[in-house]
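Just so you know, ligand 1 is whichever comes first in the structure, and atom 1 is the first atom listed for that ligand. The figures that follow rest on heavy atoms only: side chains count, while hydrogens, waters and symmetry mates do not. What you see is a predicted model, and the numbers here were worked out from it, not measured in a lab.
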Amino acid sequence: MSLVIADSVKPSANGTHHHPADDRPITLEVRNLSAGYGDTVTLSDVSFAIRRGERIGLLGPNGAGKSTLFKAIMGIVPPISGDILIHQQPVSQATTRVAYVPQFEEIDWKFPVTVYDVVMMGRTRHIGWLRWSRKGDVHDRMVWDALARVQMTPFANHQISELSGGQKRRVFIARALAQEANILLLDEPFAGVDANAQNIIFNVLEALCNDGVTILLATHDLGMAATHFDKLILLNKTMLAFGRPADVFKPDILAQTFGGQMAIWKADPADSTSTMIVADHCCP
Ligand code: ADP
């Protein structure tokens, strides 16, 4: 198996922003990470460094370890070996705010709570426990602002359980906005989301990146990954590649990552540098 670390600076063919002399600070660095559950090693040899304002796609089939990587970064799953550094500090000592939007299945949607309250939970760390936000105070305003950014203001008083899949995602992204995080981890935020909600989410993420927020997002949508991210991490139990989409979307790397679960087409077969469009059949 070959490991590809492609970090060359190339002119962008896909519209994502590049910084020729990339001197932005590294916000998240993972070094030789291995992690798992009990005696089982789920993830091994993962190493990458992400800069301020970068948008990074995390790709891999089901069971590849994408969620495990997020949980390790969040300090929920302890590393077996290796290091995770946030602004050069170990996770446990990091002062940088990291927000995590977990996979759908990990959230108890029956919990009786309103949309407004879910987003206000993002303010807990700012308010402090056992204190309350008041109407019109800074926290209240941030919640309303976050709801507006994901176009969920009219649903503020609805129960979270009443919402569609795409609306629920947007509420959790609003909660992450309310956290004022510098690093945002999103675990498959587009699964089961319609095109309208997807656009809303993408516009919010784009604005966050422009404000210097670093985004790491797991997705099954390889076509989107090719066009909407600065770099991609290809994962399947171990890291198979990290680099710009055009550099990592190579048949051998994709085959190693997804096995037989995918098909590849080239946008232009005559042009060996054209971006490949890839369909992932692994998930609905
Ligand atoms: P992905 O997010 O890429 O689908 P995961 O990180 O969820 O992959 O899972 C990677 C592997 O770890 C899978 O084999 C899965 O069964 C296992 N796993 C995930 N969570 C747990 C857990 N809490 N306890 C034991 N094994 C787990």
Side-chain angles (χ1 to χ4, degrees), residues 1 3-4 28-48 50 55-84 86 91 98-109 111 165-166 168-169 172-173 176 183-193 198 201 205 214-226 228-229 231-243 245 248-249 253-263 278-284:
M1 280 209 248
L3 174 70
V4 176
L28 173 63
E29 185 170 3
V30 171
R31 287 189 197 149
N32 302 317
L33 176 74
S34 293
Y37 306 89
D39 293 336
T40 313
V41 180
T42 300
L43 210 53
S44 60
D45 280 333
V46 177
S47 297
F48 59 85
I50 309 180
R55 209 175 336 173
I56 309 294
L58 183 58
L59 287 174
N62 280 334
K66 301 183 295 295
S67 300
T68 304
L69 176 59
F70 285 136
K71 287 174 186 167
I73 295 168
M74 293 306 292
I76 301 168
V77 171
I80 294 166
S81 61
D83 297 295
I84 300 170
I86 293 171
V91 172
V98 186
Y100 171 46
V101 180
Q103 269 189 27
F104 233 48
E105 299 73 37
E106 306 211 2
I107 298 167
D108 178 7
W109 296 109
F111 197 76
K168 285 173 179 160
R169 300 272 185 204
F172 271 74
I173 288 169
I183 300 173
L184 182 54
L185 311 177
L186 299 142
D187 201 346
E188 297 190 23
F190 301 115
V193 167
Q198 192 166 313
I201 293 170
L205 298 184
T214 303
I215 291 176
L216 182 57
L217 185 152
T219 178
H220 280 290
D221 186 336
L222 305 199
M224 178 202 287
H228 283 78
F229 292 88
K231 289 181 191 166
L232 302 173
I233 296 169
L234 269 59
L235 208 65
N236 194 352
K237 310 281 183 203
T238 179
M239 195 179 86
L240 295 161
F242 171 53
V248 301
F249 269 20
I253 300 173
L254 289 167
Q256 280 172 23
T257 308
F258 291 99
Q261 298 175 338
M262 50 160 286
V278 182
D280 172 12
H281 297 308
C282 97
C283 307

- Message: For a quick test of reading the model, state the closest non-hydrogen atom pair linking Asp187 to Arg169 and the distance between them.
- Response: O-NH1, 4.1 Å

- Query: When you measure from atom 7 (O) of ligand 1 to every protein heavy atom, which one gives the shortest distance, and what is it?
  - Reply: Ser67 CB, 3.6 Å

- Message: What protein heavy atom lies closest to atom 22 (C) of ligand 1? Include the residue and the distance to one decimal.
- Response: Tyr37 CD2, 3.4 Å

- Provide the number and element of each atom of ligand 1 under 4.0 Å from a heavy atom of Pro61. 3 (O)

- Message: Once you restrict to heavy atoms under 4.0 Å, what part of Lys237 touches ligand 1? Side chain, backbone, both or neither.
- Response: side chain

- When rounded to the nearest 0.5 angstrom, what distance separates CD in Gln198 from CE in Met224? 3.5 Å

- Item | Pairwise side-chain contact, Leu235 with Leu43, heavy-atom cut-off 4.5 Å (strictly under) | yes

- Query: Hey, is the main chain of Leu217 close enough, under 3.5 Å, to the side chain of Lys66 for a donor-acceptor pair?
  - Reply: no

- With heavy atoms and a 4.0 Å threshold, my read on which part of Thr68 contacts ligand 1 is both

- Note on the structure: atom 11 (C) of ligand 1 has as its nearest protein heavy atom Thr42 CG2, 3.3 Å

- Task: Provide the closest heavy-atom pair for Thr219 versus Ala225 in the form atom of the first, atom of the second, distance.
- Result: CG2-CB, 4.4 Å

- Pick one of side chain, backbone, both or neither for how Ala218 approaches ligand 1, counting any non-hydrogen atom pair under 4.0 Å. neither

- Shortest non-hydrogen pair, Leu216 vs Ile73, comes out as CD2-CD1, 3.9 Å

- Hey, is ligand 1 close enough to Lys66 that some N/O pair sits below 3.5 Å? yes

- Query: What is the nearest protein non-hydrogen atom to atom 8 (O) of ligand 1, stated with its residue, atom name and distance?
  - Reply: Gly65 N, 3.1 Å

- Mark whether atom 16 (O) of ligand 1 lies under 4.0 angstrom from at least one protein heavy atom. no

- Excluding sequence neighbours, so at least two apart, what forms side chain to side chain donor-acceptor pair (under 3.5 Å) with Asp83? none

Validation: residues 74-82 side-chain donor-acceptor distances under 3.5 Å, sequence neighbours left out:
none

- Quick one: does Gly36 get a heavy atom under 4.0 Å from ligand 1? no

- Query: Going by the order shown, which atoms of ligand 1 are within less than 4.0 Å of some heavy atom of Ala64?
  - Reply: 1 (P), 3 (O), 8 (O)

- Message: I'd like to know whether ligand 1 has Gly63 as a neighbour, heavy-atom separation below 4.0 Å.
- Response: yes

- Query: Does any donor atom in the side chain of Asp45 or Thr238 lie under 3.5 Å from an acceptor atom in the other side chain?
  - Reply: no

- Item | Subset of ligand 1 atoms that lie under 4.0 Å from at least one heavy atom of Asn62 | 4 (O)

